[in-house]
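As structure tokens, the structure follows; a few thoughts come after it.
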Amino acid sequence: MNDKRSAILQEIPRLRRYARALLRDRDAADDLVQDCLERALRRLDNWRVGDSPRRWLFTIMHHLFVDQTRRARRRGEAFPVSHDEAGEVVSEPSQLDALAARDVADALQSIGSDRRAALVLVAVEGLSYAEAADVLGIPAGTLMSRVSRGREELRALLDDTSRRKSIKVVD
Amino acid sequence: MQQRDFTERDIHLSIDGELPLDERAAFERWLERNPEMNAKHARYRKDAETLHAAFAGVLDEEIPSRLLHPAALGGRQVPRQRSAVLWRSLAAALIFAVGGIGGFAASRLTLPKAGSETGAQIADRAIAAHVIYAAEKLHVVEVGADQKDHLVGWLSKRVGLRLVAPDFTSEGYSLVGGRLLPAAHRTAAQFMYQDASGARVSLYVTDDPGRADTGFRFMQEDNARAFYWIDDGYGCAVAGAAPEAKLKALAKLAYRQLLAGETG
């Protein structure tokens, strides 16, 4: 039992990263992680020893994320996205990289939540298509098309951003 | 072997490390013949790197206490006393995992075996970089092994460490070349090797001053695995899809040769 619990604790940094990429806002992301940990610890018996704790936790978090997205949509609310600096993704050294990181994190928030989740699992968390499909509970073909569409959408948004920036400079 | 037609879909497969090994050479040739697809591939690959780098720093952050608080860890579900004991052991496990936060009397508790989070991050980045570049046929390295002296000199200067490109020939791997990578707060060097069958492993080295030395540790990810260690300011990882024992042998070779290169 304790092995299970410490295995879960060791996944917290990865869960936080996944949640941050999904939601961007630090507090909202940590709320999601907290909900995920609470649910995981209530359902420890559902986790079979030998199964990857990461995949199991990512699956739980995904269900919570979907619930949250649906609730927000029903209420017609936007997701909580704060723009205070403390919540910003600033992780990289050079300013150029930090700007690129910010642009990409912004653009990621603008793509649909299904595609975002698929892209983040594969491109940020490094899951294989089969594993990401398993976490999201969708067929591998669907996963693949979400990843590629998500990536295309992200690139289009980044192209827009750089176009707007160059227009600004011209002004 | 009959060559299949590639499409834009294969660009995504390639970037995500899902393109079968035996199709990669043909895919690279297809890119060469299709400049537009080649440019698209390069753009998407760069985006993938930026995306990974944008959130890598989250792993470095201190974990908010509310995520470690008993209430968050099932305190409501278990009797109070048991919960408190449980929480202490959990907290201790985590402190060990993140590399030691002062002020907690963790020493008398039994600690599970775990890598320091910082070492694990080095391994995580090494694996991510390996998966991206080992799949390349044309652009696997920035500077090839034919310019080894230049490569080693350049990477040593940019990473800020006295480096060598370790010789892995005794394990059947020869040097392909290397490249410079962004790391958390600095830069990292990646040396790429391949065996006679074309299977690749890479050595990742970054400057990591002020971190406690570790022994060899092992990390298994979905597409690859790595042995990693921190020693005397050198944060290193040997990553690849090779069996654990093989990677360990390579890690030992790399460790010895980097150490000899540093002092020699």
With respect to chain B, which residue among [options] yields the maximal number of heavy-atom pairs within a distance under 4.5 Å?
options	value
A/Leu108, A/Leu119, A/Leu127	A/Leu127
A/Glu125, A/Glu152, A/Met144, A/Arg54	A/Glu152
A/Val104, A/Asp30, A/Val122	A/Asp30

Within the 6.0 Å centroid threshold, strictly below: B/His12 and A/Tyr129:
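Distance test on ring centres: not under 6.0 Å, no.
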Is B/Asp60 salt-bridged to A/Arg17, cutoff N-O under 4.0 Å?
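Between A/Arg17 and B/Asp60 there is no salt bridge, as every charged N stays at least 4.0 Å from the carboxylate O atoms.
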B/Glu136 with B/Arg24: basic N within carboxylate O range, under 4.0 Å
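Judged by the 4.0 Å cut-off on N to carboxylate O distance, B/Glu136 and B/Arg24 do not form a salt bridge.
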Between B/Ile132, B/Ile127, B/Ile15, B/Val131, the one whose heavy-atom pairs under 4.5 Å with chain A are most numerous:
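Max contact count across the listed options: B/Ile15.
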Do you know the tightest heavy-atom contact between B/Leu181 and B/Ala129?
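The pair with the smallest heavy-atom distance is CD1-CB, 3.5 Å.
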First locate atom CD1 of B/Ile230, then atom OH of B/Tyr234, and finally report the distance between them rounded to the nearest 0.5 Å.
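Taking CD1 in B/Ile230 and OH in B/Tyr234, the distance rounds to 14.0 Å.
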Side chain from CB out, backbone as N, CA, C, O: work out which of these in B/Glu49 comes under 4.5 Å of a heavy atom of chain A, or both, or neither.
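Neither the backbone nor the side chain of B/Glu49 comes within 4.5 Å of chain A.
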